[in-house]
Amino acid sequence: MHAVGSWQALHGRFADLPVVHWPQHLIAPGFVDLHSHYPQTDIIGSPAEGLLPWLENYTFPEEKRFAAPDYCAQAATFFIAECQRNGITTALTFATTHPASVQAIFGAAQDAGLRLISGLCLMDRNAPAELLNQPHGGVDATEQSLLHSEALIARWHGTGRLGYAITPRFAPTCSEAQLRGAGELAARHPTVWIQSHVAENRLEIQWARALFPASGSYLGTYADFGLLRRRAVYAHCIHFDDADRALMQRSGAAAAVCPSSNLFLGSGFFDYARADAAGLRYGLANDVGGGTSFSPFHTMLAAYYVAREGQGKTGMSLSPQHLWWQHTAGAAAALGLDGVVGNLLPGCEADFVLLNPQATPLLARKTARADSLDELLFAMIVLGDDRLVEQTFVAGAAGKAPPG
Ligand SMILES: [Zn+2]
């Protein structure tokens, strides 16, 4: 991005450039999404009696298919295209325990020019045997998972717009040795990201506490193994106490708030008031496939519902601008990528979306009545979906083609 301003202010400086005119449209930063599982794209909207049957009947069988590189490649290509159709231009996403799943998502993102962060899922216990990290050539599964991670860092981290994330699935599916090794890897590679889950639901917390009784809390387990630092992003962060929030704030780690997933699975409600009081870093995430949509508009609306809930915590109405910030500049800052993406300021990468507020009859009727920026943004948050995103530009190039 070289300059931002009115035609009158800028046209003299760029007189030799061709001009594109988009009347009645809006240009906004590309959306930054802090948490998803690309291998779960096809299990969005799977009916189940809660989290455990959902994992057993849908998630685990689907993730097993990622042992086949061809299966990974077609899923990765679809996921990247779906991000672009919805205006997501930076994504932090899980792969599976299969190294081919990581190669596939980085390859597809590279082809599309998308900024993407991913990593090999670390999971050496407490899941179906086929889904665990596998031993290889006399090296045990735990050690092999760390060797694979290090090789994938060397291959992909900092290649073009790609970044690597050390990815323990969550503490209950990782042995102490694996968490310790992941922490050592994170210390050796300070610019690499870390992604995992924490405090999504109460049974999970009890399980984590039973497996790591020496830690002060579930979040504290990650801190004990060196996995809480800047560039660490933890999905959910719902059932925290103030000590957890203070620990997270001090460490520089950030929360990926996953509102559509939390509502779908009945996990609970992220406490915005206490997060803000603690100075916590956070941003929004679709958490596909526990989440119900790729659309940043659906995610922002779900965040509004979650914040509004006031039975078990302080309810509040998040402003449209704050909701939008959580999915752009706020999410970028959570990743340590402020000044790089999530903003239209000069110096940022030219990731942006072209929005058409007349995309549907109801949107056209409603946005025509907007008397302020807040009213216009909120109409789009409540009524918008992929139809609102007419084009997505990554690094200045049009990705999603205009309709027709
Ligand atoms: Zn997740």
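Everything numeric here is computed off the predicted structure, so don't read it as measured data. Counting from 1, the numbers follow the sequence of the chain as shown. Whatever order the structure lists ligands and atoms in, that order sets their numbers, starting from 1.
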The Zn ion (ligand 1) to H236: any N/O/S contact under 2.8 Å?
no
Which angle, to 10 degrees, forms at the Zn ion (ligand 1) with OD1 of D287 on one side and NE2 of H197 on the other?
170°
Is the Zn ion (ligand 1) under 2.8 Å from any N, O or S atom of H35?
yes
Fit a plane to each ring of W324 and F297, take the angle between them on a 0 to 90° scale, and name the class: parallel (under 30°), tilted (30 to 60°) or perpendicular (over 60°).
perpendicular
Under 3.5 Å side-chain donor-acceptor pair for Q144 and N133:
no
Is it true that the side chains of T167 and Q195 contain a donor and an acceptor less than 3.5 Å apart?
yes
Testing F78, F31, F79 for ring pair (Phe, Tyr, Trp, His ring centres under 6.0 Å) with F294, which one passes?
F79
